[in-house]
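Structure record follows, encoded as structure tokens.
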Amino acid sequence: MNKHQNIFGAIIAALLTVGTPTGVSAQEAGAQLLEEVVVTARRREENLQEVPIAITAISAADLELRSIENVEDLQVLLPNVDIRGGGTSGGNSGSMAIRGIPGVARYIDGVHLSGGQGSLENVVELERIEVLRGPQGTYFGKNAIGGAIQYVTQAPQEEFGARVKVTGGDYNRQDIVANVDIPLSDTVLTKVTAASLSRDGHVDSVTIDESYGELENTILRGVLLWQPTDSFEALFTAEYNRVKGNVQANVLFDVIEGIGFGPRTPERYNEAGIPFTDELYAYGKKEEYKNAVDFTGPGVLFDSDSFSMKLAWDINDSVTLRSITASRKFDYATYRDLDATQLVMQNTWYYQEVEETTQEFQLLGSGDRLSWVVGAYYYDRDVFEKFNGWQRWELTGRGPRGPRPRNALDRVQTKDTAIYGEITYDLTEQLILTVGGRYSDEEFHSETYDPADALGSPTQPSYSLDGTILVVDGAPLVFDEDFNAFTPRVALQYQYSDTVMAYISYAEGFNGGGVNSRFDPTLPNNGIIAYDSELLKNIELGLRSDLLDNRLRLNATYFTGVWEDIQISEALTPGQTTVTNGGEAEIEGLEIEGMWRATDEFSVNFTVGWLDTAYTELGASQNIVLDSPFPFAPEHSYSIGLQYDNDLSSGGSVTTRLDYGWIDDFQTHRDPRFQKSVGANDAYGLLSARITYVSPDGNWDVALFGTNLTDSWYRLGGFSATLGGVDQGVVGRPREFGISLGLRF
């Protein structure tokens with residue numbers, strides 16, 4: 001056990017043995033109550049402490065006090081939850097795993113958002129974030145094998161009001177967020193939100209005058225709430241979200257030579273008299289925020305328009321009908337310099353045009369001892385994607401010794417239909433049974449094209465599917481498949497007292513299959529190879545408790561599960577990754593979350609995560625090893641937060657907040673050939689602090705804050721291009737300070 005775990009173990013022991021503070025009576029201590037946390041994970045408002053699911057809920061006030069600006073900032077604050085930038089695109093897209101399982105669904109106000117593009121949302125005008133761990137098939141429309149993250153936005157208010165928040169800081173940070181509530185009548189309420197967020201990059205090029213990892217985010221959102229009667233309401237939302245930036249904040253960690261297979265590109269460059277060595281380019285080994293990239297064009301674009309309509313009708317006092325209709329269209333593009341140098345050794349360009357629509361109906365009922373929900377769900381997604389790749393452009397010759405252009409165009413359509421239901425019945429006043437199930441059917445259709453024209457030299461990327469490099473030669477290769485499954489859920493909970501509840505549950509999660517659609521004439525069937533769906537069987541034991549006269553909240557969850565037919569992306573041939581189905585794997589872990597309200601002024605938050613993962617059967621996989629752990633599944637993690645609230649004699653208040661989170665090291669590769677040489681993510685911890693002053697009238701506040709105060713060097717994502725001989729990583733931001741001013745009218 002390392003020093004981090006020893007320290008935190010001592011803190012937990014102290015918290016669990018503490019009694020009523022000296023000089024404070026039991027009656028006075030009882031007044032120091034913990035706030036009730038209301039969640040809607042089961043499609044109705046409930047006290048989190050009475051829900052038999054592993055949930056973390058963070059309110060808007062807590063998000064701000066913890067200086068959480070982006071959902072990625074939750075990375076070290078939640079047990080067994082991994083949220084980071086995508087492997088090759090950094091913060092331009094998100095990669096999420098819960099308990100080592102990557103199938104995590106995202107929702108905003110109940111509407112599913114697909115893919116990783118734009119998934120690292122900036123936190124703007126939220127009421128709370130709910131993170132659900134484990135399979136979620138009977139609560140939300142879209143099946144989720146690993147878990148779900150739900151963003152709940154603030155509804156329009158009944159009185160006119162405006163809020164403006166302005167933030168400035170290091171790296172030319174300039175943020176402004178404005179919200180206005182405009183009630184048009186007693187039955188029509190509206191809200192308008194506008195945000196402009198920007199900051200410069202933090203990785204400097206040594207080749208040109210450019211810093212990479214910059215951010216420009218513009219958000220416009222309009223909400224209209226219509227309540228013509230007490231039994232009916234309609235909520236309409238329209239949002240525009242645009243993210244622009246240059247190349248991700250990538251740094252070369254290692255130049256890999258002699259790995260034993262693949263083109264070993266650095267060696268080819270050195271043999272050709274073009275130096276490519278650690279000494280020249282591997283700034284990651286020296287923990288320097290530098291690279292040698294010379295790209296000046298746009299590195300990322302995410303341009304999204306979305307609309308939703310939510311209808312709710314109380315048919316009578318016990319039955320409610322809801323409808324959620326939504327559509328979203330977005331363009332996504334990213335340029336990736338995977339060697340982090342001025343050489344065109346591993347450069348790629350992705351561009352996607354995506355359209356998706358969802359429709360969900362829910363019928364909810366409740367009685368004295370029985371509550372239930374029945375739902376029907378439909379989801380349609382249509383994606384056109386082009387891929388351009390340039391490899392070894394400065395070399396000459398054929399095969400692995402010369403340039404390798406890669407040019408592809410494909411279309412993927414998925415349709416997901418499902419019906420689900422769940423019944424909760426009070427067997428006694430203390431014993432509650434929940435039984436539910438979901439039937440999912442996913443239709444998969446792909447069209448893979450062979451572009452006729454050869455890919456020329458790297459040029460300014462095109463934000464379109466048109467152009468000579470995308471002229472299609474002949475008919476596409478077509479693949480159709482259908483995947484379906486029934487996934488049950490059963491939970492039994494026992495309410496020992498008003499403040500202590502325990503539960504045991506069994507749930508299954510399903511993730512549909514697909515096809516490797518990247519055209520490659522050198523592979524069998526031109527690389528168009530199907531893979532099957534996967535299934536997770538999960539058991540949980542949970543304890544939810546408010547102790548010490550409601551001053552200590554202590555929640556614990558133990559889980560164990562079997563993951564079957566795992567979808568594994570592995571390098572079966574040089575220069576090509578293929579998704580296959582592995583056999584089985586086992587997961588086991590523990591999650592502890594708590595809050596101690598020591599006094600009216602001082603409180604402590606804490607979390608602990610332990611995770612043990614291992615592959616137990618190989619299946620069709622060729623390059624994993626039995627008993628090896630999952631990637632992106634750190635064995636240990638913890639966080640601790642200290643908060644002191646000081647009410648001033650003037651009527652104002654000062655809140656001081658300190659947060660520290662730590663995660664263990666972990667692998668980013670399943671393939672053991674890469675785990676010892678590259679692909680490991682070292683353990684790291686992040687410290688943040690914030691001091692907030694609120695005026696006596698509550699109309700304004702000012703905050704000073706700092707993030708990554710220990711100036712930790714840490715890796716958020718990246719791409720270990722081991723077949724190409726480089727290990728590139730996207731690094732997190734260094735220590736930053738800022739000031740924020742909030743005004744309320």
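Quick note: numbers below take in every heavy atom, side chains included, and nothing from hydrogens, waters or symmetry partners. Keep in mind the model is a prediction, meaning the values are calculated, not measured.
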For this session: Applying side-chain contact (heavy atoms from CB on, under 4.5 Å) between Q342 and each of T207, D337, I208, report the one that passes.
Result: T207

Problem set entry | Identified side-chain contact (heavy atoms from CB on, under 4.5 Å) counterpart of I68 within the set D659, L63, T707 |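 Running side-chain contact (heavy atoms from CB on, under 4.5 Å) over D659, L63, T707 with I68 returns exactly one hit, L63.
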
Whether over 12 other heavy atoms sit under 6.0 Å from [X] [atom1]:
| X | atom1 | result |
| --- | --- | --- |
| D711 | CG | yes |
| K191 | NZ | yes |
| K285 | NZ | yes |

Problem set entry | Residues F302, F330; criterion ring pair (Phe, Tyr, Trp, His ring centres under 6.0 Å); working and verdict | CA-CA 7 Å; F302 175 75; F330 66 85; 5.3 Å; yes

Output yes when [X] and [Y] qualify as a salt bridge under the 4.0 Å nitrogen-oxygen rule, no when they do not.
| X | Y | answer |
| --- | --- | --- |
| E736 | R199 | yes |
| K329 | D305 | no |
| R733 | E72 | no |

Is there a side-chain contact between [X] and [Y] (heavy atoms, below 4.5 Å)?
| X | Y | result |
| --- | --- | --- |
| S304 | R242 | no |
| Y351 | N388 | no |
| V124 | T193 | yes |
| Q174 | I176 | no |
| L716 | V731 | no |

Distance, nearest 0.5 Å, that separates [atom1] of [X] from [atom2] of [Y]:
| X | Y | atom1 | atom2 | result |
| --- | --- | --- | --- | --- |
| T448 | L409 | OG1 | CG | 9.0 Å |
| R173 | D200 | CZ | CG | 12.5 Å |
| T237 | R221 | OG1 | CZ | 8.0 Å |
| N347 | D339 | CG | CG | 5.5 Å |
| E130 | Y151 | CD | OH | 12.0 Å |
| Q154 | R163 | CD | CZ | 6.0 Å |

For this session: Please step through side chain to side chain contact (heavy atoms under 4.5 Å, CB included) for the pair V247 and Y335, ending with a clear verdict.
Result: CA-CA 6 Å; V247 174; Y335 187 88; 4.2 Å; yes

For this session: Apply side chain to side chain donor-acceptor pair (under 3.5 Å) to the pair T153 and D109, showing each step before the final yes or no.
Result: CA-CA 7 Å; T153 63; D109 294 331; 2.6 Å; yes

Considering all heavy atoms, the nearest [X]-[Y] contact:
| X | Y | value |
| --- | --- | --- |
| S205 | V293 | OG-O, 2.5 Å |
| L126 | A60 | O-CB, 2.8 Å |
| F384 | R411 | CZ-CD, 3.3 Å |
| A633 | G100 | CB-CA, 4.0 Å |
| E356 | Y379 | OE1-OH, 2.8 Å |
| G146 | I101 | CA-CG2, 3.8 Å |

For this session: Before giving the answer on side chain to side chain contact (heavy atoms under 4.5 Å, CB included), spell out for Y212 and N291 the whole-Å C-alpha distance, their side-chain angles and the decisive distance to 0.1 Å.
Result: CA-CA 9 Å; Y212 298 108; N291 63 26; 3.6 Å; yes

Problem set entry | Candidate list R106, R381, K142, test side chain to side chain donor-acceptor pair (under 3.5 Å), partner S114, passing option |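 Result: among R106, R381, K142, R381 is the only option passing the side chain to side chain donor-acceptor pair (under 3.5 Å) with S114.
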
For this session: Given side chain to side chain contact (heavy atoms under 4.5 Å, CB included), test I739 with F705 step by step and report yes or no.
Result: CA-CA 6 Å; I739 183 171; F705 62 90; 5.6 Å; no

Problem set entry | D73 and Q75: CA distance, side-chain angles, deciding distance, side chain to side chain donor-acceptor pair (under 3.5 Å) verdict | CA-CA 5 Å; D73 297 333; Q75 166 71 10; over 6 Å; no

Exercise. Does the gap between the ring centers of W713 and Y684 come in under 6.0 Å?
Worked result: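 That pair fails the under 6.0 Å test.
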
Exercise. Under 6.0 Å between ring centres, would you say that holds for Y281 and F276?
Worked result: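 Here the rings of F276 and Y281 have centres that are less than 6.0 Å from each other.
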
Exercise. Given D331 and Q352, is the side chain to side chain donor-acceptor pair (under 3.5 Å) satisfied, shown in steps?
Worked result: CA-CA 6 Å; D331 298 340; Q352 289 182 324; over 6 Å; no

Problem set entry | Test side chain to side chain donor-acceptor pair (under 3.5 Å) applied to S211 and D204, step by step | CA-CA 4 Å; S211 295; D204 298 328; 2.5 Å; yes

Exercise. On the ring face of Y269, is R392 found with NZ or CZ under 6.0 Å from the centre and within 45° of the axis?
Worked result: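 Judged by the rule, R392 and Y269 form no cation-pi pair.
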
For this session: Establish, yes or no, whether the cationic atom of R715 lies under 6.0 Å from the six-membered ring centre of F253 and within 45° of the ring axis.
Result: yes

For this session: Apply side chain to side chain contact (heavy atoms under 4.5 Å, CB included) to the pair N241 and N217, showing each step before the final yes or no.
Result: CA-CA 7 Å; N241 192 338; N217 188 191; 2.9 Å; yes

